[in-house]
Amino acid sequence: MSNIRVRFAPSPTGPLHIGGVRTALYNYLFAKKHGGTFLLRIEDTDQGRYVPGAEDYIIESLKWCGILPDEGQGIGGPFAPYRQSERKEIYQKHALELVSNGSAYYAFDTPDELDAKRQSEAAAGNHNFKYDHISRRAMKNALTLPAHEVQHRLATGEDYVIRLKVPENETVMFTDLIRGEVSFQTGELDDKVLMKSDGMPTYHLANIVDDHLMKITHVIRGEEWLPSTGHHVLLYRAFGWEAIMPKFSHLPLILKPDGKGKLSKRDGAKFGMPVFPLAWKAESEEDSFDGFREFGFLPQAVINFLAFLGWNPGTEQEIFSLAELCEAFSLEKISKGGARFDYDKAKWYNQQYLHAAADSDLAAQIKPLAEAKGYQVSDEYLAKVCHLMKGRATFLSDLVVQASYLFGDVQSFDNENIVKRWKPESHPNFEALAVLMESTEPFDAPTLEERVKNLMTERSLKPGEVMPLLRIALAGTMQGPGVYEMMVVLGRQRTVARLRRAFDYFDTLNP
RNA sequence: GCCCCGUUCGUCUAGGGGUCUAGGACGGCGCCCUUUCACGGCGUUAACACGGGUUCAAAUCCCGUACGGGGUACCA
């Protein structure tokens, strides 16, 4: 067991976005590759954005994907609690430590005052007001106020925040495992709030403290965090942890299919595809979504697809099981540029996995779908249907939807093709086929094929004038599995009855 | 605006100075298989953003420009 430790640290503000799932996946793969530990931490420091149910959703999603954490919220472990709202005192203590060593300071400017300041600055032509080493000299904080007044304000319970005191003129540099050296001039960085007036830490403080305390060795997160990593390094420095801080890797973003910006929850409806792993039910229709699972995706396919969205092993193999991904994964092979969400590729992966899946496994998975449609069939029968249909299905649901005629009577006939092909005068020939079916023994595909071919020869019938009509009689459509295979699955009784009924119906179209 | 990051076929990508007349996959197109639809097989389409360097040699290294993305909150 190596001491590699990584974390997935989502915020429970709603359903877990597919980009978040990929971040979790890469963390999981990296941990497994190195025999390390993958942990789940819930970053719920924003009380205002907390959404009930989101935490369970996150865990359910990881479970569905098969990438459950080894440690963390919902699992437990030596560094509990793993929910940041339950670690308030820890952050408070650490923030105070920074205040006392001069790396942070109290500030009393209210949100309203800051807004007003931004507006007045904007009116004066400065559109990028920052609370930084220059502007802090003119604000209400422990750097400008006399010590006794600061004490008084604190003592009387006035609202305050603690801000990071960013040095004026330094270069802060770190090595990103994906991007190489990245550096920032501290003069460009603002004095980030570390502790909010409600007593909660901001992400910036909490993630540094927790990553250190939880002995995280590698931070693998989205690119949206790259710009604030300068602050994070400054924080490690302020705590005296810079020499042992985690290695950073910033993942490229997943972009909209049209490439215009990062993929967002609204893109699902816009492009007719899922952007969440599982369904999410909110109060409004607009905020409720179906997930990959509800669309009929297999989790293995989603994982394979996601793994390849921004990563590539450098070989020409495209299909990878989770275990193979763990073996092949490396951070160095992650690409730097953002990757568009390629839904066609996702569907292709699903089709590949569907095709390769065992009939019985598929049967178990579509059973709820079949039952929901009111179909009452045995597991064995379901497996036979899967065997017939899986080669031409993209989604799990296709196995049920496209095979409706295997579960019940034909719902609609392809009348156009019937009219084109059916000749009432050959009804006797088709009746002869039905009679043939009644006696064919054994009732299997090779035997049926042989007998039908013999009969066609005897009566000088061409396959083209027989097979399409048999197909339509059994399935109603010109599409589907082999005619003889369908007959076997339907069984002798249903086949014969269905044929006779259909031929009578055909007569009514072409009298 | 400012800061950070990025830029190879339509898309995901391989490529880490010569083996690149740039490889694979998805998509598209065509053919074969099959008197269904798919699967499958074969073939085809199509890219190193631009401009300067460095070098005997650059898709690969450096600089600039353009374009794209991200960040710029008492959100994460």
Side-chain angles (χ1 to χ4, degrees), chain A residues 9-13 43-49 84 107 109-111 114-115 118 125-131 159-163 176 178-180 182-185 187-190 192-204 206-207 221-230 250 252-253 255-257 259-262 305 308-319 332-333 335-349 351-352 355 389-394 398 402 414 417 462-468 470-472 475 477-483:
Chain A
S11 186
T13 54
E43 311 229 330
D44 58 347
T45 54
D46 185 349
Q47 318 252 274
R49 292 210 304 159
Q84 290 185 327
D109 318 271
T110 67
L114 289 171
D115 278 349
R118 279 194 190 89
N126 174 18
H127 290 275
N128 58 323
F129 169 78
K130 285 184 307 206
Y131 204 117
D159 274 358
Y160 67 89
V161 300
I162 294 176
R163 285 183 182 270
D176 185 288
I178 295 172
R179 293 153 203 282
V182 179
S183 62
F184 298 88
Q185 297 304 316
E188 304 283 352
L189 272 27
D190 65 337
K192 283 258 180 290
V193 169
L194 266 20
M195 289 297 291
K196 300 183 274 192
S197 58
D198 65 359
M200 280 289 192
T202 58
Y203 169 86
H204 305 294
N207 105 87
R221 75 217 316 188
E223 189 182 358
E224 66 268 28
W225 294 112
L226 197 45
S228 52
T229 306
H250 288 93
L253 265 16
L255 274 20
K256 297 174 191 293
K260 302 217 174 298
K262 65 174 174 178
F305 164 66
F308 272 65
L309 213 52
W311 174 84
N312 185 292
T315 66
E316 291 186 350
Q317 183 181 345
E318 305 271 340
I319 304 294
E332 293 72 25
K333 291 221 168 267
S335 42
K336 300 181 182 74
R340 293 191 197 189
F341 187 86
D342 184 356
Y343 192 47
D344 279 329
K345 199 69 164 268
K347 286 191 283 193
W348 177 77
Y349 268 113
Q351 185 190 297
Q352 297 297 310
H355 204 157
M389 303 301 294
K390 69 179 181 183
R392 64 207 85 225
T394 299
D398 290 342
Q402 293 181 3
D414 180 350
N417 264 298
K462 293 198 198 94
E465 44 190 346
V466 174
M467 301 309 288
L470 282 184
R471 168 178 299 288
I472 295 174
T477 165
M478 286 287 283
Q479 304 171 2
V483 169

Query raised in the report: Which value, in whole Å, describes the distance between the C1' atoms of nucleotides B:A59 and B:G15?
Result: 8 Å
**Report entry** For A:Gln185, all residues meeting side-chain hydrogen bond (donor to acceptor under 3.5 Å, both in side chains), sequence neighbours excluded
**Finding:** A:Thr171
Requested in this report: Please work out if A:Asp342 contacts a base, only the sugar-phosphate, or nothing of the nucleic acid, heavy-atom cut-off 4.0 Å.
Outcome: base
Requested in this report: Could you work out the separation of B:C48 and B:U8 based on their P atoms and round it to a whole Å?
Outcome: 11 Å
Report task. Would you classify A:Gln352 as touching base, sugar-phosphate or nothing, given that sugar-phosphate means primed atoms plus P, OP1 and OP2, and contacts are heavy atoms under 4.0 Å? Result -> sugar-phosphate
Query raised in the report: Salt-bridged, A:Arg340 to A:Asp342, with N to O below 4.0 Å?
Result: no
Report task. Could you check whether A:Arg179 gets within reach of a base, just the sugar-phosphate, or nothing at all, counting any heavy atom under 4.0 Å? Result -> sugar-phosphate
Query raised in the report: Using purine N1 to pyrimidine N3 plus N6-O4 or O6-N4 for Watson-Crick, or N1-O2 and O6-N3 for G-U wobble, each under 3.5 Å, what pairs with B:G6?
Result: B:C67
**Report entry** Partners meeting ring-ring contact (aromatic ring centres under 6.0 Å, His included) with A:Trp348 (sequence neighbours left out)
**Finding:** none
**Report entry** Mate of B:A38 where both pairing distances stay under 3.5 Å, Watson-Crick or G-U
**Finding:** none
Query raised in the report: Is A:Asn128 touching bases, backbone alone, or none of the nucleic acid, heavy atoms closer than 4.0 Å?
Result: base
Requested in this report: Could I get the full list of ring-ring contact (aromatic ring centres under 6.0 Å, His included) partners for A:Phe305, not counting sequence neighbours?
Outcome: A:Phe341
Report task. Determine the contact category for A:Arg340: base if any of its heavy atoms lies under 4.0 Å from a base atom, sugar-phosphate if only primed atoms, P, OP1 or OP2 are that close, otherwise nothing. Result -> sugar-phosphate
Query raised in the report: Distance between the P atoms of B:U60 and B:A22, in whole angstroms?
Result: 16 Å
Query raised in the report: Looking for any heavy atom pair under 4.0 Å, which part of the strands does A:Ser183 touch: base, sugar-phosphate only, or nothing?
Result: sugar-phosphate
Report task. Could you tell me whether A:Phe308 contacts a base, only the sugar-phosphate backbone, or nothing, with contacts defined as non-hydrogen atoms closer than 4.0 Å? Result -> sugar-phosphate
Requested in this report: Provide the start and end nucleotides, 5' to 3', of the part of RNA chain B that has atoms under 4.0 Å from heavy atoms of chain A.
Outcome: B:G1 to B:A76
Requested in this report: Give none if B:C56 has no partner; otherwise give the nucleotide forming a Watson-Crick or G-U wobble pair with it, both distances under 3.5 Å.
Outcome: B:G18
Requested in this report: Using ring-ring contact (aromatic ring centres under 6.0 Å, His included) as the criterion, list what pairs up with A:Tyr160, not counting sequence neighbours.
Outcome: A:Tyr106
Query - Partner residues of A:Thr477 under the side chain to side chain contact (heavy atoms under 4.5 Å, CB included) criterion, sequence neighbours left out - result: A:Tyr405, A:Ala475, A:Gln479
